[in-house]
Amino acid sequence: MSADPILEPLNTAQRAAVTAPLGPVLVLAGAGSGKTRVLTHRIAWLIRAHDVSPHSILAVTFTNKAAGEMRTRVEGLLGMPPGVLWIGTFHGIAHRLLRRHWREAGLVESFQILDAEDQQRLIKKLLKAEQLDETRWAPREVQWFINSNKDEGRRPRSLKAGNDPTRAQMIRLYTLYEEACARSGLVDFAELLLRSFELWRDQPAILQHYRQRFRHVLVDEFQDTNTIQYAWLKLLVGSESCPFVVGDDDQSVYGWRGARVENLQQFGRDFPAVSLFRLEQNYRSTGAILAAANGLIANNAGRLGKTLWTNGAQGEPIRLYAAFNERDEAEFVCQRIREHLAHGGAHRDAAVLYRSNAQSRVFEEIFLSARMPYRVYGGLRFFERAEIKDALAYLRLIVNRRDDASFERVVNLPTRGIGAKSLDTVRAAARTAGIPLWEATGACLGEALGARASAAMRGFMELIERLAVEVAGLALHEQVDRMLAATGLIEFHRRDNADRGEARVENLEELVSAARGFGGERLETELPPLEAFLAHVTLESGEGQADAWEDCVQMMTLHTAKGLEFPIVFLCGMEDGLFPHQRSIANLDGLEEERRLCYVGMTRAMRQLYLTYAEQRRLHGIDSFSQPSRFIKETPEDLIEEVRPRLQVRRPVAPGRFARATGAEQAAPHRHAEYSSARLRDPPPAPGMRLGARVRHGKFGEGVILTLEGSGPQARVQVNFERQGPKWLVMQYAKLEPL
DNA sequence: ATGATGATATTTTTT
DNA sequence: ATATCATCAT
């Protein structure tokens, strides 16, 4: 047993979980405790020790990356491809089911997947058709209403408006949206899950089949499951199968998009026979980093309880840097990375983590001028680029003429003389007849449409029909290539003389390469290559930037960093209002989720952890002062070493105070001591600016003065705004108006 | 059909 | 500050 590659590399707790008796298992796995390892070794163990057929194992993850990693690692353990074993994301697996059982699920065979952007466009179209004001009915909110109801398993008919007219309208829009999707053969992300749940719920024979097949269901990141995902799992598992779920309540950071941490506790109630395991030994971080993270997360109530520990060294203290402003912050980080490089380190060892994407800008500027190579994660991905989506829309029309979203997108792209009026005619016809735009257009030709418009429309329809015929039987990349030529998309962008045109042509050419490289292996349901490709690109829209493996400083949001690790981590923008974010500060749940996010950030660090904040930060064009993040104060003080204590000289308060500061203050690392010592005895810096006075700000609206510091134009003032909460402002720039 | 203008919002993101 | 987006004018 000692040379056993499956059990030998595991510690006691991991081994206990992997070899747990066949039955429901819940593994609470702390950050860096070998979560994926337990999952993959469990799969290998089932196959080897229990002679379980890979055919009867289903492993579910949230991201394609995690699914891919799991597949590779299982393959490595078994020394062969796991073949029939199903490993995939919730959405990927739901999609697979719907392709197989499209008829029973009430879909059309060639249904296409709508991504978030497509969905919003469709909603906007609906609002316009309904002549609803977009300021009253924000598309984002309609979208949120629809998606969150789907995530909770609710169809429009099961919703009650009560006496709420707003809600009634929302429900109506949800209904209209569903009808539009059905007409067009479109399925959004949430629909994939809900629809496959309903498929099982309403088709006992099909459910029975999968229940019998998947005797072992493994789930990663269980704390991120939403209501419908959990219901789906429960339905599948029934009373016969063995669910093996792994999660960490302390890393639940997706509550805002429907994830239910409570599912962890619920699992215990739904499966009373559960075996519970805790993985608390951490293999990633130093003792100091773990102690800091543990100390911070201890401030959350209602945890399942878990304390990470390590056999390793205590390591270096957590470093705290109080920057003068956001540029100083970025320069400090840059400097520290340089030192790391000077000691022989690599760029990629360092990660800059922040709460919101906007923060990356300053770092980019500073890094650029310092010639520090970096890579920003997140942002637009390849298949989300406008020109790529245009091209895909053509391909989707070739596959499914009823796809209204795609029709609208490209009917006049490149421009072929089909104007808004003609389209309105067609839309009206489609709406009254309840048919797709494509059909409606056919009916309008020569009748409702004038001669010119008819000719243009006919040209468009013939183009699609001709392409569909021409392209049939060609290799996938030739299909794409032919389409690009025939539609004139390439030509269209080539004519765009602005330099973005060139980039777009390149991207379109890249799309052809992507098609050439598309294996289409997966998906047992033998989808035709083009349709498989289209599903693939919306479900796995690919990495943000191609050169992922160059030696660059890594920059990303805290959310994106979840699941990753780096030797050196900089947690930046540690300011109240930014992190925890202003919008989360008000309620306890929101604040606790932010705290977990901070915990996630800290536990990404292997050797060194830096916390930085800026005393003054320009955000949305205005400078404001903020307090250091409460998360800094919640981190045990003895673990923190201030890199450079604040120098009074750098603070633009009253001019008279400038003379004092000398380097001598370096020796006194008194944390935060001077923060709260506001000097309230100063005279009011401007007429009407007193404590408690009401003021108006151009951007923030009205508020009440809480604190005044300093005098003259350099004075700072803290105002509690009705809408945005408390803010520090510089009097000189704030242009406050007394009320 | 294209570009200028002005209003508006600006946490986090996968699929 | 800045990006996006709708509306309007050319």
Side-chain angles (χ1 to χ4, degrees), chain A residues 60-67 88-95 113-121 124 127-128 133-135 138-140 144 147 150-151 187-193 221 224-226 228-229 252-259 326 353-359 361-362 365 377-381 383-384 386 412-420 492 495-496 498 535-544 556-563 573 577-585 590 593-594 596-598 600-601 617-623 698-700 723-724 733:
Chain A
V60 201
T61 64
F62 276 86
T63 67
N64 292 300
K65 198 171 155 223
T89 63
F90 276 101
H91 292 86
I93 287 162
H95 174 243
I113 304 167
L114 214 56
D115 72 13
E117 192 213 329
D118 300 333
Q119 185 184 36
Q120 191 162 56
R121 288 171 83 103
K124 281 185 181 172
L127 290 168
K128 193 157 270 178
D133 180 9
E134 279 195 16
T135 45
R140 286 189 51 173
W144 186 84
N147 287 339
K150 285 189 180 187
D151 286 346
V187 172
D188 62 45
F189 288 137
E191 184 74 22
L192 286 171
L193 301 174
E221 305 274 21
D224 287 338
T225 52
N226 65 25
I228 197 69
Q229 285 160 338
S252 159
V253 293
Y254 286 111
W256 52 274
R257 65 179 197 206
E326 72 276 4
L353 308 183
Y354 36 78
R355 177 65 236 267
S356 62
N357 289 116
Q359 288 169 254
R361 256 189 123 98
V362 190
E365 280 170 24
Y377 287 74
L380 253 204
R381 282 168 305 170
F383 290 109
E384 290 169 356
N412 198 33
L413 192 109
T415 48
R416 48 173 72 84
I418 296 168
F492 174 71
R495 263 186 284 117
D496 184 350
H536 171 82
V537 299
T538 25
L539 232 38
E540 309 181 29
S541 42
E543 276 292 280
M556 67 195 80
T557 64
L558 288 156
H559 283 92
T560 308
K562 192 173 149 210
L578 193 59
F579 188 35
H581 193 273
Q582 190 62 52
R583 290 164 120 105
S584 308
I585 275 178
E593 184 155 308
E594 297 281 304
R596 291 192 291 266
L597 194 54
C598 189
V600 166
R617 180 179 295 274
R618 170 166 287 197
L619 204 61
H620 309 320
I622 55 135
D623 282 312
K699 288 268 154 47
F700 296 142
R723 282 182 303 159
Q724 317 263 338
Y733 309 113

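Per chain, numbering begins at 1; letters A, B, ... match sequence-line order. Predicted model only: the values in this text are computed from it and were never measured.
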Report task. Take the protein atom CD of A/Glu221 and the nucleotide atom C1' of B/dT13, then report the distance between them rounded to whole Å. Result -> 14 Å

Report summary line: Whole-Å distance, A/Asn147 CG to B/dT13 P, equals 17 Å

Report task. In whole angstrom, give me the gap between the C1' atoms of C/dC5 and B/dT12. Result -> 23 Å

**Report entry** Test side-chain contact (heavy atoms from CB on, under 4.5 Å) applied to A/Arg140 - qualifying residues, sequence neighbours left out
**Finding:** A/Gln120

Requested in this report: Would you indicate, yes or no, if B/dT12 has its OP1 or OP2 atom less than 4.0 angstrom from a side-chain nitrogen or oxygen of A/Thr560?
Outcome: no

Query raised in the report: Tell me: CG of A/Leu578 to P of B/dT12, nearest whole Å?
Result: 10 Å

Query - Contacts of A/Trp256 that satisfy side-chain contact (heavy atoms from CB on, under 4.5 Å) - sequence neighbours left out - result: A/Tyr254, A/His559, A/Glu593

Query raised in the report: Taking only N and O in the side chain of A/Arg583, is any of them less than 4.0 Å away from OP1 or OP2 of B/dA9?
Result: no

Report summary line: Ranking A/Trp256 and A/Arg416 by the position along DNA chain B of their nearest nucleotide, the one closer to 5' is A/Arg416

**Report entry** Atom-pair distance (CD1 on A/Ile622; P on C/dT2), nearest Å
**Finding:** 14 Å

Query raised in the report: B/dT12 base to A/Arg355 side chain: any donor-acceptor pair below 3.5 Å?
Result: yes

Requested in this report: Rounded to the nearest 0.5 Å, what's the gap from CZ on A/Phe62 to CD on A/Glu221? Could you check?
Outcome: 7.5 Å

**Report entry** Euclidean distance, atom CZ of residue A/Arg618 to atom C1' of B/dT10 [Å, nearest integer]
**Finding:** 16 Å

Report summary line: salt bridge (charged side-chain N to carboxylate O under 4.0 Å, His left out) filter on A/Arg618, not counting sequence neighbours, yields A/Asp623

Query - Candidates B/dT10, B/dT15, B/dT2 - which lies nearest the side chain of A/Ala116 - result: B/dT15

**Report entry** For A/Glu326, all residues meeting side-chain hydrogen bond (donor to acceptor under 3.5 Å, both in side chains), sequence neighbours excluded
**Finding:** none

**Report entry** B/dT15 OP1/OP2 closer than 4.0 Å to side-chain N/O of A/Arg381
**Finding:** yes

Query - A/Glu594 (side chain) donor-acceptor with A/His581 (main chain) under 3.5 angstrom - result: yes

Report summary line: With sequence neighbours left out, the residues meeting side-chain contact (heavy atoms from CB on, under 4.5 Å) with A/Leu413 are A/Asp390, A/Leu489, A/Phe492

**Report entry** Between C/dA3 and B/dT14 - C1' atom distance, rounded Å
**Finding:** 23 Å

Report task. Give A/Asn64 one of three labels, base, sugar-phosphate or nothing, depending on what nucleic acid heavy atoms sit under 4.0 Å from its own. Result -> sugar-phosphate

**Report entry** Toward the 5' end of DNA chain B, by each residue's nearest nucleotide, A/Leu539 or A/Asn357
**Finding:** A/Asn357

Query raised in the report: Where the side chain of A/His620 is concerned, which of B/dA1, B/dT15, C/dA1 is the nearest nucleotide?
Result: C/dA1

Report summary line: With sequence neighbours left out, the residues meeting side-chain contact (heavy atoms from CB on, under 4.5 Å) with A/Asp115 are A/Glu117, A/Asp118, A/Phe189, A/Lys389, A/Thr538

Query - Nearest-Å distance for atom pair CG/P, residues A/Asp151 and B/dT15 - result: 15 Å

Report task. Just jot down the side-chain hydrogen bond (donor to acceptor under 3.5 Å, both in side chains) partners of A/Glu191, sequence neighbours excluded, or say none. Result -> A/Lys150, A/Arg155, A/Arg195

**Report entry** Side-chain (A/Arg596) to main-chain (A/Ser252) donor-acceptor, under 3.5 angstrom
**Finding:** yes

Query raised in the report: In whole angstroms, how far is the P atom of B/dT13 from the CZ atom of A/Phe189?
Result: 15 Å

When you compare the protein's N or O atoms with those of nucleotides 3-5 of chain C, which come within less than 3.5 Å of each other, and at what distance?
from, atom 1, to, atom 2, distance (Å)
C/dA3, OP1, A/Arg361, NH1, 3.1
C/dA3, OP1, A/Arg361, NH2, 3.0

Review item, nucleotides 7-10 of chain C N/O atoms under 3.5 Å of protein N/O:
none

Query - Between B/dT13 (C1') and A/Gln120 (CD): distance, integer Å - result: 14 Å

Query raised in the report: Would A/His581 pass as stacked on B/dT11, i.e. its ring centre under 5.5 Å from the base's six-membered ring centre and planes under 30° apart?
Result: yes

